Structures are given as structure tokens and as C-alpha cells.
Asks: 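So that we are looking at the same thing, I have put the structure below in C-alpha cells.
Here the structure is a predicted model, which is why all the values come from computation and not from measurement.
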Amino acid sequence: QVQLVESGGGLVQAGGSLRLSCAASGRTFSRFAMGWFRQAPGKEREFVATISWGGGRTYYLDSVKGRFTISRDNAKNTVYLQMNSLKPEDTAVYYCAASRYEIARRYEEYAYWGQGAQVTVSS
């Protein structure tokens with residue numbers, strides 16, 4: 001069992017930055033791919049970014065490439081999402097998730113989810 005707790009959400013103006021953190025319980029964090037998804041009001045949850053077990057591979061949603069960076073610290077059981085040059089369309093609840101795959105981009109590949117963190121970008 002893995003428990004995930006997100007932090008770092010908030011309100012920011014367009015062009016600003018936020019860093020989300022996700023702390024995981026358990027001793028096998030390094031054997032989970034970690035991902036970030038988001039869900040805006042009235043829309044389906046969408047993949048944002050994922051990072052492999054050791055952190056050597058990452059994938060991103062096309063619209064966030066070059067602006068968002070996913071990273072992990074296996075010694076701290078924590079995954080991060082650095083978000084720069086934020087846009088109003090990035091407004092959503094952001095969810096951290098853990099997958100037993102080496103790397104995962106599909107919602108169905110994730111078994112554990114955090115409670116979500118609200119990110120609001122004002123224009």
C-alpha cells in the first residue's frame with residue numbers, strides 16, 4: 001500500500017511559478033513510476049508528466065513541455081512538479097499517482113492516487 005500526499009498548490013498570476021510536492025509512504029518508493037495528472041472543471045483527468053523508477057526517463061503532455069519539470073528524490077520518497085510560465089489553462093486540481101510499471105503514461109496504469117492539490121492561475 002502506498003499513500004500519497006500532495007502539497008504546494010495555490011493561486012498564482014499568469015507567468016508565475018509553483019512547485020508541487022508529493023510525499024509517499026512505504027519503503028518501496030523507488031520501485032514505482034510516479035506521475036502527475038490534472039483535472040479541470042467539467043473536463044476529464046489528463047496526464048501531465050511521468051518519471052521512471054530511477055528518474056532517468058520522463059514524459060510530458062505536449063502543452064507543458066518546456067514549462068514543467070518532473071523530478072524525484074528517492075531518499076526522501078518525494079516527487080516534484082516544477083511549473084513555470086503558468087497559464088490560465090493550467091488551472092486544475094493536480095493529482096500525484098504511483099504505478100508499479102517502470103514508467104507509465106496511462107491513467108489505467110496507476111494504482112495509487114493522492115487527494116489532489118488545487119492550482120489556480122489568474123490572467
Asks: Can you tell me if CD on Q13 sees more than 12 non-hydrogen neighbours from other groups inside 6.0 Å?
Replies: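 Not buried by this count: 12 neighbours or fewer within 6.0 Å.
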
Asks: Donor-acceptor pair, T78 side chain versus K76 backbone, under 3.5 Å?
Replies: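 Checking the backbone N and O of K76 against the side chain of T78, a donor-acceptor pair under 3.5 Å is found.
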
Asks: So I51 and I103, do their side chains get closer than 4.5 Å, heavy atoms only?
Replies: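 Not in contact.
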
Asks: Any side-chain heavy atom of Y80 within less than 4.5 Å of one from L20?
Replies: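 No, every pair of side-chain atoms sits at 4.5 Å or beyond.
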
Asks: List, by chain and then residue number, the residues other than W53 in its hydrophobic cluster (Ile/Leu/Val/Met/Phe/Trp/Tyr, side-chain heavy atoms under 4.5 Å); write none if there are no others.
Replies: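 Listed partners: none, W53 stands alone.
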
Asks: Carefully, step by step, assess F29 and R72 under the rule side-chain contact (heavy atoms from CB on, under 4.5 Å).
Replies: CA-CA 10 Å; F29 176 76; R72 65 189 298 163; 3.4 Å; yes

Asks: Same hydrophobic cluster for M83 and I70, using side-chain heavy-atom links shorter than 4.5 Å among ILVMFWY?
Replies: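 They do share one cluster, since a chain of ILVMFWY contacts under 4.5 Å joins M83 to I70.
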
Asks: Cluster question for you: counting only ILVMFWY and a side-chain heavy-atom cut-off of under 4.5 Å, with indirect links fine, are M34 and Y59 together?
Replies: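 Each belongs to a different hydrophobic cluster.
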
Asks: Just verifying a value: how many Å separate W36 CH2 and C96 SG, rounded to the nearest 0.5 Å?
Replies: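 Reported value, rounded in 0.5 Å steps: 5.0 Å.
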
Asks: Verify side-chain contact (heavy atoms from CB on, under 4.5 Å) between Y60 and F47, making sure each step is shown before the conclusion.
Replies: CA-CA 8 Å; Y60 296 92; F47 165 81; 5.6 Å; no

Asks: Of the non-hydrogen atoms in A14 and P88, which two are nearest, and what is the gap between them?
Replies: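 The answer is CB-CD, 4.1 Å.
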
Asks: Restricting to non-hydrogen atoms, name the atom on G56 and the atom on S52 that form the minimum distance, rounded to 0.1 Å.
Replies: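 Smallest heavy-atom distance, with atoms named: N-OG, 3.3 Å.
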
Asks: Are the side chains of R100 and E109 in contact, using a 4.5 Å heavy-atom criterion?
Replies: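 Of all side-chain heavy-atom pairs linking R100 with E109, none is under 4.5 Å.
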
Asks: Minimum heavy-atom separation for V64 and V48, please, with both atom names.
Replies: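 V64 and V48 have their closest heavy atoms at CG2-O, 3.9 Å.
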
Asks: Tell me, please, which residues at least two apart from Y110 pass side-chain hydrogen bond (donor to acceptor under 3.5 Å, both in side chains).
Replies: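 Residues passing side-chain hydrogen bond (donor to acceptor under 3.5 Å, both in side chains) with Y110: T50.
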
Asks: List in chain and number order the residues that pass side-chain hydrogen bond (donor to acceptor under 3.5 Å, both in side chains) with N84, two or more places apart in sequence or in another chain; answer none if no residue qualifies.
Replies: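 By the side-chain hydrogen bond (donor to acceptor under 3.5 Å, both in side chains) rule, N84 matches S17, Q82.
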
Asks: Test side-chain hydrogen bond (donor to acceptor under 3.5 Å, both in side chains) on T120 and Q118; report intermediate values, then the result.
Replies: CA-CA 6 Å; T120 302; Q118 178 69 48; 3.3 Å; yes

Asks: Salt bridge (charged side-chain N to carboxylate O under 4.0 Å, His left out): which pairs involve residues 30-41, sequence neighbours left out?
Replies: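 Listed by first then second residue: R38-E46, R38-D90.
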
Asks: Y101: which residues meet the side-chain hydrogen bond (donor to acceptor under 3.5 Å, both in side chains) condition with it, sequence neighbours left out?
Replies: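 Partners of Y101 by the side-chain hydrogen bond (donor to acceptor under 3.5 Å, both in side chains) criterion come out as none, since no residue qualifies.
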
Asks: From R106 CZ over to S99 OG, what is the distance, rounded to the nearest 0.5 angstrom?
Replies: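 That separation rounds to 10.0 Å.
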
Asks: Taking the side chain as every heavy atom from C-beta outward, state whether T91 and V119 have any atom pair closer than 4.5 Å.
Replies: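 Sidechains of V119 and T91: no contact.
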
Asks: Taking the six-membered ring for Trp, are Y94 and F68 parallel (under 30°), tilted (30 to 60°) or perpendicular (over 60°)?
Replies: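 Aromatic pair Y94/F68 classed tilted.
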
Asks: What closest approach, in Å, do S30 and N74 show between heavy atoms, and which atom pair accounts for it?
Replies: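 The answer is CB-ND2, 3.6 Å.
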
Asks: Give the intermediate values and the outcome of side-chain contact (heavy atoms from CB on, under 4.5 Å) for residues W113 and L4.
Replies: CA-CA 6 Å; W113 294 84; L4 304 172; 5.6 Å; no

Asks: Roughly how far apart are K43 NZ and Q39 CD, rounded to 0.5 Å?
Replies: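 If we round to the nearest 0.5 Å, K43:NZ and Q39:CD are 11.0 Å apart.
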
Asks: Is S25 reaching over with its side chain to a backbone N or O of Q3, donor-acceptor style, under 3.5 angstrom?
Replies: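 Here the side-chain-to-backbone pair exists.
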
Asks: With T28, which residues qualify under side-chain hydrogen bond (donor to acceptor under 3.5 Å, both in side chains), at least two apart?
Replies: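 So T28 forms no side-chain hydrogen bond (donor to acceptor under 3.5 Å, both in side chains) with any residue.
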
Asks: Does R45 CZ have over 12 foreign heavy atoms under 6.0 Å away?
Replies: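 Atom CZ in R45 is crowded, with more than 12 foreign heavy atoms closer than 6.0 Å.
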
Asks: Could you give me the CA-CA distance, side-chain angles and deciding distance for R57 and E102, then say whether side-chain contact (heavy atoms from CB on, under 4.5 Å) is met?
Replies: CA-CA 9 Å; R57 296 168 63 194; E102 192 266 341; 2.7 Å; yes

Asks: Quick one, Y107 and E44 - any side-chain contact, counting heavy atoms below 4.5 Å?
Replies: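 A side-chain contact is absent here, since even the closest heavy-atom pair is not under 4.5 Å.
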
Asks: Nearest 0.5 Å please: distance from the SG atom of C22 over to the CG atom of N77.
Replies: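 Between C22 SG and N77 CG, I get 10.0 Å after rounding to 0.5 Å.
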
